[in-house]
Amino acid sequence: MENIRIRELEASDTDDIADIYASIVRKPVDPDFKALIEKHARTENDICYVAELDGRVIGFMISYILTFGFGIEKSAWIATLGVDPEFMGQGIGDRLAREIFKLYKRMGISRVYTSVRWDSTDLLSFFKTLGFDRSKFINLKKEL
């Protein structure tokens, strides 16, 4: 996997990312998903990378900076990530995360958060290998 290149997300990567995401969740992506990816590609404070192999996008990580929050200093959040199922388990997610962490560290951001469903054991395991642990925050939800 030495030929994998980690680079910044571009708006032209949207369809590839939507295809990867659809293959992971096993259903078509909502059109809003594509619009959101394009927005992240164009937003300066969002730190988003793709993994590319021979010109083909095979993984992505979407993150952003949160300047103000409830009792939290400037921090980073990983919103979503995905690796083409054909390439899972080969360290691509790890490489994407480590590149993002390096950039955040250079920016002076010392905390990175994410939110994962409690029953997503694969994602929980992945984030644990990156050094994530429970935070002092509780996710709240309201059904409308």
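Within 6.0 Å of CZ in Arg56 there are more than 12 heavy atoms belonging to other residues, nucleotides or ligands. Under a cut-off of 6.0 angstrom, the local environment of CZ in Arg111 is sparse, with at most 12 non-hydrogen atoms contributed by other residues, nucleotides or ligands. Taking a 6.0 Å sphere around CD of Glu10, one finds it holds more than 12 heavy atoms contributed by other residues, nucleotides or ligands.
Applying the ring pair (Phe, Tyr, Trp, His ring centres under 6.0 Å) test to Tyr113 and every residue at least two apart in sequence or in another chain returns Trp77, Phe137. Residues meeting the ring pair (Phe, Tyr, Trp, His ring centres under 6.0 Å) test with Phe126, sequence neighbours left out: none.
Grouping the Ile, Leu, Val, Met, Phe, Trp and Tyr side chains by contacts below 4.5 angstrom, directly or via other members, places Leu36 apart from Tyr64.
Counting only heavy atoms from C-beta outward, the side chains of Ile17 and His40 never approach each other to under 4.5 Å.
Side chain to side chain, Thr80 and Tyr21 fail the donor-acceptor criterion of an N or O pair below 3.5 Å.
Contact between Gly93 and Met61 at its shortest, heavy atoms only, is O-CE, 4.0 Å. Across all their heavy atoms, Glu38 and Ala11 have their closest contact at CG-O, 4.3 Å. A pairwise comparison of heavy atoms in Phe33 and Ala18 identifies CE2-CA, 3.9 Å as the closest pair. Between Ile37 and Thr14, the closest heavy-atom pair is CG2-OG1, 3.7 Å.
Only one option out of Thr43, Asp46, Ile109 pairs with Ile65 in a side-chain contact (heavy atoms from CB on, under 4.5 Å); it is Ile109.
Ile24 contributes atom CD1, which lies 4.0 Å from atom CE of Met88 (distance to the nearest 0.5 angstrom). Taking CG of Leu66 as the start and CD of Glu73 as the end, the distance is 10.0 Å to the nearest 0.5 Å. Atom CZ of Phe60 sits about 13.0 Å away from atom CD1 of Ile6, to the nearest 0.5 Å. To the nearest 0.5 Å, atom CD of residue Glu52 and atom CG of residue Asp16 are 9.0 Å apart. To the nearest 0.5 Å, atom CD1 of residue Ile47 and atom CD1 of residue Ile62 are 11.0 Å apart. Expressed to the nearest 0.5 Å, how far SG of Cys48 lies from NZ of Lys39 amounts to 11.0 Å.
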CA sep, side-chain torsions, deciding dist, call: Arg5, Val50, side-chain contact (heavy atoms from CB on, under 4.5 Å): CA-CA 8 Å; Arg5 181 178 147 221; Val50 298; over 6 Å; no

Take Leu103 and Glu8 through the test side-chain contact (heavy atoms from CB on, under 4.5 Å) and record every step on the way to the result. CA-CA 11 Å; Leu103 181 56; Glu8 288 186 22; 5.9 Å; no

Give the C-alpha distance, both sets of side-chain angles, the deciding distance and a yes or no for side-chain contact (heavy atoms from CB on, under 4.5 Å) between Leu81 and Phe127. CA-CA 11 Å; Leu81 69 118; Phe127 281 112; 3.4 Å; yes

Does the pair Ile20 and Val83 meet the rule for a side-chain contact (heavy atoms from CB on, under 4.5 Å), with working shown? CA-CA 7 Å; Ile20 291 169; Val83 174; 5.8 Å; no

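Although no hydrogens or angles enter the test, the distance criterion places no donor-acceptor pair under 3.5 Å between the side chain of Arg95 and the main chain of Ala51. At least one donor-acceptor pair under 3.5 Å links the side chain of Thr114 to the backbone N or O of Ile78.
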